[in-house]
Each structure stands twice: as C-alpha cells, then as structure tokens.
Amino acid sequence: MALIVQKYGGTSVGTIDRIRNVAARVKRTRDEGNQVAAVVSAMSGITDKLIGMAKEFGENPSEREMDVLLATGEQQSIALVSLALHELGVPALSVTGRQAGITTTGSHTRGRIDAIDPQFMKRSLEAGNALVVAGFQGITPDGLIHTLGRGGSDLTAIAVAAAVGADVCQILTDVDGVYTCDPRIVPNARKLPEISYDEMLELASSGAKVMQSRSVEFAKKYGVVFEVRSSLNDNPGTMVLEEHPDMENVVIRGVSIERSQARVTITGIPDEPGMSAKILCALGDAEINIDMIISNIASDGMARHSFTMHSNDLGKAQAALKPVLAEISGESKIETEAGIAKLSCVGIGMRSHSGVAATMFKALGEAGINIGMISTSEIKIAVTVDETRIEDAARAVHDAFELDKAPA
Ligand code: ASP
Ligand code: MG
C-alpha cells in the first residue's frame, strides 16, 4: 500500500462533471490499494472572479480581506470533491489549510509555508478516509488566513507530500507532462520521461508554464520527487527529480520561448563605478523585472547597457530612467525595441559538452534568423530574435539537437 498525494488544478475541478471525474480517479487509486490525499485548486475562473468582485470596492483592496476571500475558492472545491466521493461510497473528508496544520509566514496574499503538522491528516488517513485538502491556503501562528500566491496549490501539494511522507506525488493537470518544447509550436516535440529540478526551473523561468516555480524550488529543497501527468488519461507523465549521472548524457533537455519582450539600450554612460547600480536601482524601484543584461564599452569610451523586459513594462521603464539619465550625463540616450522574443535551450548536459552554443547559432543562421542579445548560465543559453521568427527559431533549434528522438 502506497500513500499517494494527487494535485488537481482548477481546470480538473472546473465543472460538476469534472469533479465527478476527479472523485472517480481518487476512488480508483484507493481501490488499487493506496491511501490518497488529493490537494485541489479553486474551480477554474473562480479566483479571478473573486478578485474582480473585490476590485469593485477600490483598486487596492486590503490584503487581509483578499486572503479571507480567495481562500473560499478552494473551500468550495474541497467540499464538492468530498461530496462527489461520498456519492461513490468513499469515506472522504475535506481539509482546510488550518486543519492540514499548514503554518505560514510572510505577508498576506504571498504567504510562505513555514511548517506542516501532519497529525490530523495522518490520523484521518489511517482511519480509512480519502482526504481532500485545500490548496493555496495556510494559517499564521496568530490564526490569520494566508494565501500562497497565484498557482499556490502546487506548493501545497508538494509540501503536503513532504509532510505526510508520501510515496508518490502526482501533479495532475491539463497537459500530459513536460515536453521538449510546446507541441503547439513544434509538432514533433517529445514528452520527457524525466527532468531535473534545475532544468524544470530554468524552463519555467524562460516561459514554459507547467508549474509554479516556487513549488519546484520547494520540491528540490526537500527532495520531493513528483510526476506531472494528465488528469484526463492514464499516460505516464514526466518525473521531476534530483539529477543523476545518466542525465548528463543528454545535452539539451528542452527548448522554451517567451514572447512579448522588449529591449532597452542606454548609451553614453560614463565608464565609472556606481553607474550600473543607479540605473538598475531605478528600474528595481519601479518594480520592473529585467531579464537579460548586457553591457560593453563603445569606441568613444562610453559604456552602453542593454536590458530585456516584458514589453508591457517598456513605458514604465522609460519613465523611470529619464531622471537617472539626466543625472548621470548629458550624453546618455535611451533606445528601445519592442517585438522581440526569447528562445532558451536548457540542459544540465551543457556542463560536460562543448559546442552547444555553436550548434544553436548555426541552426538559427541557416534558418536566416538574426540573433539579438545572448545570455548564458551554467545550464542555459538564451537568445533574442525577432518575435515574428520565434516559432521558426524553436523548430530549427529543436531539429538541430534532434530533440524529437529519444536518447539512446
Ligand atoms: N486558485 C489559486 C489560483 O488560481 C491557486 C491555484 O490555482 O493554484 O491562483
Ligand atoms: Mg489556478
């Protein structure tokens, strides 16, 4: 008998029929001789609807009240899934964040799980119940409700799996697993049997939105092995785990793209200490997330910096930089370019293989795609290209590394 934690997202519990499917799947898993704790999200659209209602009373509603409000979305689903299990004759208990013993720190709407006291969950499982646990919520030591940030039910599932000592943690979702690239863009993309935490994190931060990054970080920290798989079929999914030596045989695990990027270049910056800090602080204060950063010295001896960011932030960035530029030198100018996209190749095999960038750039060159900026980390190479060419770029690079073929 295994103890299995299953996480069902908003789409999987989005309608009454789908809730019945979830209940049937939980029942089947139990009938196979397992204990099951299902962590569920709010029905799809509910969290956004609640946020919309709150904003009827002002653009910046109290975060304390937002937590009280948003936590109700998950409470609806745990009760409904439990009722659906009762209909099938399964003894099931809904479990709120407080009952699950989930204590949080941090601030309202961005709570962090600090500890879980699994006594109640363990006792209830031992007594033969299926548990239906509310995702996305916990409670402060003072008894206030916290939510865990958008997509936070993934985090609840990973943390509950760690706390109850689950044998298996399944993230059941509307995709079949993690692919070498988005199959809507690269039709011969292949489902990966396994991927390391670090690769999953790099892909997630580069635009592949399978799971909330924080929950992958948490899984890595506590060594929770989990599987991303479909809630609609029984196909095996993708195991996410700590890397093992065999994994390095594969050079590139996957390719991801991120659209709607923009570049800002500042020229004519005096080549002196403290200049980059001034510029970056101004962007940071304006809460602009920058991604790639490149700086170099032009032939006139002045420095130039380029950054990429989401194109929605471009106006805000220009406004934030204007006073800084006036302050640092009369020579400084700002140039912007929107309509770019980022292509990232990720793989831990890069550490032990050479020529990865060469293969990637050659593939892009042969496809007639111009590379803008380049950035690298130990396990990632990313480039910007014209947004109109991003899908061609993904296909060219996917082909060049033969990602459609299973490694021997
Ligand atoms: N219901 C929350 C959200 O929509 C949490 C989750 O779905 O994971 O962000
Ligand atoms: Mg959701």
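For ligands, and for the atoms within them, numbers begin at 1 and follow the listed sequence.
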Open item on the list: Is it the case that ligand 1 has an N or O less than 3.5 angstrom from some N or O of G151?
Closed with: yes
Task: Pairing residues for E327 by the salt bridge (charged side-chain N to carboxylate O under 4.0 Å, His left out) criterion, not counting sequence neighbours - done: K278
Open item on the list: Quiz question: by atom type and distance under 3.5 Å, do the side chains of S306 and R304 form a donor-acceptor pair?
Closed with: no
TODO: Salt-bridge test for R110 and D67: reply yes if a basic N is under 4.0 Å from a carboxylate O, no otherwise.
DONE: no
Task: Winner among M43, E74, M211, K7 once heavy atoms are compared against atom 2 (C) of ligand 1 - done: E74
- [ ] Output the list of atoms in ligand 1 that are nearer than 4.0 Å to some heavy atom of R150, sorted by atom number.
- [x] 3 (C), 4 (O), 9 (O)
Could you list the donor-acceptor pairs under 3.5 angstrom formed between side-chain atoms of residues 309-326 and any protein atom two or more places apart in sequence or on another chain?
from : atom 1 : to   : atom 2 : distance (Å)
H310 : ND1    : N312 : N      : 3.1
S311 : OG     : S260 : O      : 3.2
K316 : NZ     : A286 : O      : 3.4

- [ ] Determine whether any heavy atom of G152 lies closer than 4.0 Å to an atom of ligand 1.
- [x] yes
- [ ] Taking only heavy atoms of S41 into account, list the atoms of ligand 1 that are under 4.0 Å away from them.
- [x] 6 (C), 7 (O), 8 (O)
Open item on the list: With a 3.5 Å distance limit and no angle check, can you tell me whether D154 reaches the backbone of M211 through a side-chain donor-acceptor pair?
Closed with: no
